[in-house]
Chemist: 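After the structure tokens below, expect a handful of questions from me.
Just so you know, these numbers use all the heavy atoms, side chains as well, and skip hydrogens, waters and symmetry mates.
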Amino acid sequence: MDPLAPHYRVFETARGFCGLAWSEAGITRLQLPAPSVAAAERHLLRRVPEARPGEPPPEIAGTVAAIRRYFTGEAVDFAPVRLDLGEQDVFFTQIYAALRRVGWGETTTYGALARQLGAGPEAARDVGQAMARNPVPLIIPCHRVLAAGGKLGGFSAPGGADTKAHMLELEGVRLGPPEPAQQSLGF
């Protein structure tokens, strides 16, 4: 067995089974909750077929514990987690770095991220492509990126937009029409 090959672990959370792959340099892939161990492992190994099951070292075990806490609704900051994203497009790397600064319960839009990086509105599509290719959703919190007008937008993880909405709800983000300022008294 190649000692430099990435390793992975599938683990249970309150939302389902996640998978995490890592190298010596950091986390390479995160699979968001799937309904079963087999489904999580299948999704993960589709992206990192060379990965082998392994016992997580302390740093990775700490991230597994943090992911479990996240899915119970605990505010978790994943900014310090070391990542190994391999070769990435330079603009994608900039997008991912900017997005890692969007904290718990905060959201942004595709266009706002593009503007933050000094790109024009046409770059919002590039931001969308970066989100779709994000190898470590949650750690790079692509669920916090909304479409124009605060609409939910797409999400390529298992469960799609429902998973994105649930993750935002865990963080206290309410989507949809605002609550009325005054309730009817029923006269």
Chemist: CZ/R82 to OG1/T63 distance, rounded to the nearest 0.5 angstrom?
Modeler: 9.5 Å

Chemist: For L146 and G150, which heavy atoms make the closest approach, and how far apart are they?
Modeler: CD1-O, 3.9 Å

Chemist: Kindly compute the distance separating CG (D162) from CE (M167), expressed to the nearest 0.5 Å.
Modeler: 13.0 Å

Chemist: Do V173 and V76 belong together in a cluster built from hydrophobic side chains that touch within less than 4.5 Å?
Modeler: no

Chemist: Do E171 and H143 have side-chain atoms, one donor and one acceptor, less than 3.5 Å apart?
Modeler: yes

Chemist: Is there a donor in the side chain of Y8 and an acceptor in the side chain of Q31, or the other way round, less than 3.5 Å apart?
Modeler: no

Chemist: What is the minimum heavy-atom distance between A123 and A119, and which atoms define it?
Modeler: CB-CB, 3.4 Å

Chemist: Does the side chain of V145 reach to within under 4.5 Å of the side chain of T107, using non-hydrogen atoms?
Modeler: no

Chemist: Answer yes or no: are there more than 12 heavy-atom neighbours, outside R125 itself, under 6.0 Å from its atom CZ?
Modeler: no

Chemist: Would you please test E59 and W22 for side-chain contact (heavy atoms from CB on, under 4.5 Å) and show each step?
Modeler: CA-CA 10 Å; E59 180 181 11; W22 67 91; over 6 Å; no

Chemist: What heavy-atom pair brings K164 and G153 nearest, and what distance separates the two atoms?
Modeler: NZ-C, 4.1 Å

Chemist: Are the side chain of R15 and the backbone N or O of F71 linked by a donor-acceptor pair below 3.5 Å?
Modeler: no

Chemist: Quick one: CD on Q129 to CZ on F92, what's the gap to the nearest 0.5 Å?
Modeler: 6.0 Å

Chemist: Locate the shortest heavy-atom distance separating L85 from Y96; write the atom from each residue and the value.
Modeler: CD1-CD1, 4.0 Å

Chemist: Would you say R101's side chain and A97's backbone share a donor-acceptor pair under 3.5 angstrom?
Modeler: yes

Chemist: Between P141 and V102, what is the shortest heavy-atom contact and its length?
Modeler: CG-O, 3.8 Å

Chemist: Which value, rounded to the nearest 0.5 Å, describes the distance between R29 atom CZ and R47 atom CZ?
Modeler: 5.5 Å

Chemist: CZ/R100 to CD1/I95 distance, rounded to the nearest 0.5 angstrom?
Modeler: 15.0 Å

Chemist: I'd like to know if the side chain of R174 reaches the main chain of E169, judged simply by a donor and an acceptor atom lying under 3.5 Å from each other, with no hydrogens or angles considered.
Modeler: no

Chemist: Counting only heavy atoms not in R42, do more than 12 fall under 6.0 Å of its CZ?
Modeler: yes

Chemist: Is any side-chain heavy atom of P53 less than 4.5 Å from a side-chain heavy atom of H7?
Modeler: no

Chemist: Side-chain heavy atoms under 4.5 angstrom apart, residues restricted to Ile, Leu, Val, Met, Phe, Trp, Tyr: same cluster for V64 and F78?
Modeler: yes

Chemist: Please check if any side-chain donor atom of S23 sits under 3.5 Å from a side-chain acceptor atom of D84, or the reverse.
Modeler: yes

Chemist: Going from CG on L44 to CG on L30, what distance comes out if it is rounded to the nearest 0.5 angstrom?
Modeler: 8.5 Å

Chemist: Which pair of heavy atoms, one from R9 and one from G54, lies closest together, and at what distance?
Modeler: NH2-O, 3.2 Å

Chemist: Short question: side chain of R144, backbone of T108 - any donor-acceptor pair under 3.5 Å?
Modeler: no

Chemist: Taking the side chain as everything from C-beta on, heavy atoms only, tell me whether L20 gets closer than 4.5 Å to F11.
Modeler: yes

Chemist: For V10 and C18, what are the C-alpha separation, side-chain angles and deciding distance, and is it a side-chain contact (heavy atoms from CB on, under 4.5 Å)?
Modeler: CA-CA 6 Å; V10 173; C18 288; over 6 Å; no

Chemist: Honestly curious: do V127 and L152 fall in one hydrophobic cluster under the side-chain, below-4.5 Å linking rule?
Modeler: no

Chemist: Among the clusters formed by ILVMFWY side chains lying less than 4.5 Å apart, do I60 and V81 turn up in the same one?
Modeler: yes

Chemist: Side-chain heavy atoms nearer than 4.5 Å, only ILVMFWY residues, links allowed to pass through others: does that put L138 and L170 together?
Modeler: yes

Chemist: If only atom types and distance count, is the side chain of N134 paired as donor or acceptor with the main-chain N or O of I140 below 3.5 Å?
Modeler: yes

